[in-house]
Amino acid sequence: LMKTKPVVSIIIPTRNSEEVLAITLRSINDQNCSRRLYEVIVADNQSHDKTVEIAKKYGAKVIKVKGKPPKTSTQRNLAAKISKGDYIFYLDHDIELTPNLIENFVESTKGENRDVDAWYVPYKIVARGRLLTKVRNFEEQFYLNSVVAAARIIKKETFWKTESQFDASMDPGPADWDLDIQLILINAKFDYLMDYVYHHEENLT
């Protein structure tokens with residue numbers, strides 16, 4: 001039997017992520033859509049905890065990336081090279097998807113969104129305690145339609161048209177925003193996803 005090509009390749013860079021990774025992978029496995037619509041690639045940078053074990057338990061494809069951390073950009077770019085989907089969805093290891101996100105996204109690409117190149121994904125913060133959660137979500141509202149937001153889902157053919165994809169010299173941090181600039185420079189069209197994700201920040205005090 002010929003295996004169906006996934007539409008979305010979910011790419012997660014990890015390093016010692018055992019505390020949060022299961023939440024992320026469980027939310028992917030619990031999507032209300034066919035498993036054939038997506039694949040999961042965990043690009044791990046020399047974890048010395050149970051990260052790789054957890055990733056395999058949830059059925060993710062694991063690639064190992066050597067080198068002194070941080071290697072986030074290299075992890076993302078290498079995973080993109082082996083990805084099979086038409087769209088690349090960059091997730092951090094502590095992001096929980098809402099149940100209909102993949103299905104709704106795939107549906108949206110069939111309509112007027114066919115010519116969109118990159119999507120921003122709205123965040124809801126899960127922090128330690130109700131007050132910090134409220135404060136962080138209030139702050140997050142200001143990032144909508146601003147330079148602080150970074151595209152998380154990118155059409156693969158557009159991603160490879162950018163000058164340098166995720167720039168490893170900028171790790172950690174600014175490479176996300178630099179990629180947005182690279183996308184703008186090639187006249188990529190942006191949109192916002194209807195569904196949101198939860199960002200787990202319980203360790204933040």
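One is the number of the first residue; the rest follow in order along the sequence.
Nearest heavy-atom pair across C33 and E103 is CB-CB, 3.8 Å. Minimum heavy-atom separation, T24 to L91: CG2-CD1, 4.0 Å. Scanning both residues, N77 and W160, for their nearest heavy atoms gives O-CH2, 3.9 Å. Listed here is the closest heavy atom pair of A188 and T158: CB-CG2, 4.3 Å. In terms of heavy-atom proximity, P13 sits nearest to I11 at CD-O, 3.8 Å.
V8 is not listed as a side-chain neighbour of L37, based on a closest heavy-atom distance of 4.5 Å or more. The closest side-chain heavy-atom distance from D195 to F105 is not below 4.5 Å. With a 4.5 Å cut-off on side-chain heavy atoms, D176 and R152 count as touching. Inter-residue side-chain proximity for L185 and I181 is flagged as met; some heavy-atom pair is nearer than 4.5 Å. Looking at Q182 and S164, their side chains come closer than 4.5 Å, going by heavy atoms from C-beta outward. L78 is not listed as a side-chain neighbour of I82, based on a closest heavy-atom distance of 4.5 Å or more. Considering only heavy atoms from C-beta on, H199 comes within 4.5 Å of D94 through its side chain. Between K84 and K61, some side-chain heavy-atom pair lies under the 4.5 Å cut-off.
Taken from CZ in R136 to CG in L131, the straight-line distance is 12.5 Å, to the nearest 0.5 Å. Going from atom CD of Q75 over to atom CG of D44 covers 7.0 Å, rounded to the nearest 0.5 Å. Note that CG of N45 and OG1 of T14 are 8.0 Å apart. Values are rounded to the nearest 0.5 Å. One finds the NZ atom of K134 at 6.5 Å from the CZ atom of R130 (value rounded to the nearest 0.5 Å). T74 OG1 to D167 CG: the interatomic distance, rounded to the nearest 0.5 Å, is 9.5 Å. Note: I184 CD1 to D117 CG = 12.0 Å, rounded to the nearest 0.5 Å.
Atom CE of M194 has 12 or fewer neighbouring heavy atoms from other residues, nucleotides or ligands inside a 6.0 Å radius. Remark: R35 CZ is packed, more than 12 non-hydrogen atoms of other residues, nucleotides or ligands lying under 6.0 Å away. More than 12 non-hydrogen atoms from other residues, nucleotides or ligands lie less than 6.0 angstrom from CD of Q46. For E163, the CD atom is loosely surrounded, since the number of other residues' heavy atoms within 6.0 Å does not exceed 12.
Side-chain N/O atoms of T72 and D171 include no donor and acceptor closer than 3.5 Å. In the model, S9 has no side-chain atom that pairs as donor or acceptor with a side-chain atom of K156 under 3.5 Å.
Residues in residues 30-74 take part in no ring pair (Phe, Tyr, Trp, His ring centres under 6.0 Å) pair, two or more places apart or across chains.
The backbone N or O of G85 lies less than 3.5 Å from no partner atom in the side chain of S83, so there is not a single donor-acceptor pair. Checked by atom type and distance alone, the side chain of E18 pairs as donor or acceptor with a backbone atom of K50 at under 3.5 Å. With hydrogens and angles ignored, the 3.5 Å screen pairs a side-chain donor or acceptor of S17 with a backbone N or O of R15.
Every residue was checked against the side-chain hydrogen bond (donor to acceptor under 3.5 Å, both in side chains) condition with T98, not counting sequence neighbours, and none meets it. Partners of E107 under the side-chain hydrogen bond (donor to acceptor under 3.5 Å, both in side chains) rule, at least two apart in sequence or in another chain, are K110.
Paired with F89 under the rule side-chain contact (heavy atoms from CB on, under 4.5 Å), one option of I154, L101, V40 passes, and it is L101.
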Between D92 and R76, does the salt bridge (charged side-chain N to carboxylate O under 4.0 Å, His left out) criterion hold? Intermediate values first, please. CA-CA 10 Å; D92 291 334; R76 287 169 168 173; 3.3 Å; yes
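Taking the six-membered ring where the residue is Trp, Y90 and F159 present tilted rings, their angle falling between 30° and 60°. Below 30°, between 30° and 60°, or above 60°: for Y120 and Y192 the angle between ring planes is between 30° and 60°, a tilted geometry.
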